[in-house]
Amino acid sequence: MSGSASLPDSATAAQPASQPSATPEAVTLRDPETGEPLINPETGEPLMGIPSPSEAVPVLDPETGEPIIDPETGEPLLAIPDPAPAPTPTAEADSVTAITTAEDLRDAVTERSETAGGIVSTLDAAAVEIGSIRFSMWDAFVLMGVILLVILLAWGITRLIRFALRRITQLDGSQRLLTEKISTIVVWALAFLIGIDLLGIDLTALAVFSGAFGLAIGFGLQKTFGNLIAGIILLMDKSIKPGDVISVADSAGNEGFGQIRKIGIRAISVVTRDQTEYLIPNENLMINQVVNWSYSSRDVRVKAPVGVSYNSDLDLVTELLYKAVEETPRILKTPKARVNIMAFGDSSVDFEVRFWITDPEGGLANIRSDVYGRIWQLFRENDIEIPYPQRDLNLRTNAQFDQLVAAISQRLENNSTKS
């Protein structure tokens, strides 16, 4: 088309098709009526070709909007428009916003209020870029708001679940606590996923750190997850449950008794008689031997050893021991107490009083002390002697020992003569 050379500069946007900006790739050609691929009759394969970028269209004057007339033919000038150049990528276009929801929220606020939109734009302008990730103060504000919302929502749901479980009377304490723990884990896991979805965080942006982060979590939270699983197992098999009385040993190795107050995610809380609260990791209860005084029954037998003199009336002693047990509160009438002669010791006849209580959380040492106090009173009233330890000392004689004895005897005689 030769007339194009005499056009004004305003029409140079339309360039000939002989100068394409890039060579297009060949594609499969299809029948425009049926849409089926065209077949090459010689090879039998689909026909390939390079389609024309566009059809020729009239060229309009950018100032008047009227078609430009070819001076040689007098007809409207037809030309194939040059495709628009691709936009040059910028640093801002390459950057990825860490929280995509913040962009949508920013646009929504800007449409509703220019003042609020200006504040949001100011916060969004203050940003830092780490590689291709862009994080602004507006992103931080949205992040904190969504986290707070999700935490409050999860906390409220767990409270409602706990309240509903307390009203279900068909569940015992262990089943109720187990259901509460599992539902709490599920609720917080869903809250985390919902929070990620609300923020629109692209987790693929963190793929670089996922390996190291997962390894750190695996080592750092190994004990935490172990205690969590151990607590769930303890609740499932009901070997340890709130209200049970177990043996507790302190750091010095002194064993005491404590009642389980609650079973948490990481540890159980055990309160002793002196109101000392021990936090024992759940995993320790799985791998160590534990004495549960109220596992299958709350009835606990207490033993109180007593020694009397060989000169005592053993029948009277037995009667007094039974009487001491009967007059002490907290001791069960059934099963009946038992007084046994255990041994003839070096300096005493050894008895043992065995009796039952049903409230081990009330303490074992104090009930044993009450029994001993009553036994002491009854023994004094009936002249029953609790003997001191007795030992026979045998001395083997020799020359030096005989001289020592003779010297001591002579001195004693001299002293008596002088007096």
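Heads up: numbering here begins at 1 and tracks the sequence. Note that this is a predicted model, so its numbers are computed, not measured.
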Subject >> side-chain contact (heavy atoms from CB on, under 4.5 Å) between I185 and I232, intermediate numbers included >> reply: CA-CA 11 Å; I185 295 173; I232 294 177; 4.2 Å; yes
Original post:
Taking side chain as C-beta onward, heavy atoms only, is P305 less than 4.5 Å from D350?
Top reply: no
**OP:** Could you tell me which non-hydrogen atom of G307 sits nearest to which non-hydrogen atom of P387, and how far apart they are?
**Re:** O-CD, 3.9 Å
Subject >> Non-hydrogen atoms of R261 and P242 that approach each other most closely >> reply: O-CB, 4.1 Å
Subject >> Pairwise distance CG(N311) to CD(E385) - rounded to 0.5 angstrom >> reply: 7.0 Å
Original post:
Is S183 reaching over with its side chain to a backbone N or O of T179, donor-acceptor style, under 3.5 angstrom?
Top reply: yes
Subject >> Atom CD of E327 with >12 non-hydrogen neighbours under 6.0 angstrom >> reply: yes
Subject >> Between CG on residue L316 and CD1 on residue I384, distance to nearest 0.5 Å >> reply: 4.5 Å
Original post:
Can you find a pair of side-chain heavy atoms, one from V245 and one from V300, that are under 4.5 Å apart?
Top reply: no
Original post:
How close do I367 and P329 get, heavy atom to heavy atom, and via which atoms?
Top reply: CD1-O, 3.2 Å
**OP:** Measure the spacing between CD1 of I287 and CG of N282 and express it to the nearest 0.5 Å.
**Re:** 11.5 Å
Original post:
Looking at side-chain heavy atoms only, is the closest gap between E381 and L378 below 4.5 Å?
Top reply: yes
Original post:
Has F192 got more than 12 heavy atoms of other residues, nucleotides or ligands less than 6.0 Å from its CZ?
Top reply: no
Subject >> N414 and Q410, any side-chain heavy atoms less than 4.5 Å apart >> reply: yes
**OP:** Without swapping roles, check the side chain of D313 against the backbone of D315 for a donor-acceptor pair under 3.5 Å.
**Re:** yes
**OP:** Return the minimal non-hydrogen interatomic distance between R266 and N227, and the atom names on each side.
**Re:** O-CB, 3.3 Å
Original post:
Going by heavy atoms in the side chains, are V306 and F379 under 4.5 Å from each other?
Top reply: yes
Original post:
About how many Å separate OG1 of T328 and CG of D370, when rounded to the nearest 0.5 Å?
Top reply: 6.5 Å
Subject >> Verdict with supporting geometry, V271 and E277, side-chain contact (heavy atoms from CB on, under 4.5 Å) >> reply: CA-CA 4 Å; V271 181; E277 189 164 359; 4.1 Å; yes
Original post:
Quick one: does W188's side chain get under 4.5 Å of V150's, heavy atoms only?
Top reply: no
Original post:
Which distance, rounded to the nearest 0.5 Å, do you find between the CD of E326 and the CZ of R374?
Top reply: 11.0 Å
Original post:
Under 4.5 Å between any side-chain heavy atoms of I331 and V371, yes or no?
Top reply: yes
**OP:** Evaluate the criterion side-chain contact (heavy atoms from CB on, under 4.5 Å) for residue pair I375 and L320; output intermediate values, then yes/no.
**Re:** CA-CA 7 Å; I375 290 174; L320 294 178; over 6 Å; no
**OP:** Show the numbers, then the answer: is there a side-chain contact (heavy atoms from CB on, under 4.5 Å) between W356 and K333?
**Re:** CA-CA 8 Å; W356 295 83; K333 304 300 181 181; over 6 Å; no
Original post:
Do you know the tightest heavy-atom contact between A304 and F355?
Top reply: CB-CE2, 4.3 Å
**OP:** Output yes when a side-chain donor or acceptor of S409 lies under 3.5 Å from a complementary backbone atom of V405, and no otherwise.
**Re:** yes
Original post:
Hey, what do you get for CD1 (I280) to CD1 (I240), rounding to the nearest 0.5 Å?
Top reply: 9.0 Å
Original post:
Between the side chain of S348 and the main-chain N/O of G345, is any donor-acceptor distance below 3.5 Å?
Top reply: no
Subject >> Any L364 side-chain heavy atom under 4.5 Å of I357 side chain >> reply: yes
Original post:
Which pair of heavy atoms, one from W155 and one from T158, lies closest together, and at what distance?
Top reply: O-OG1, 2.7 Å
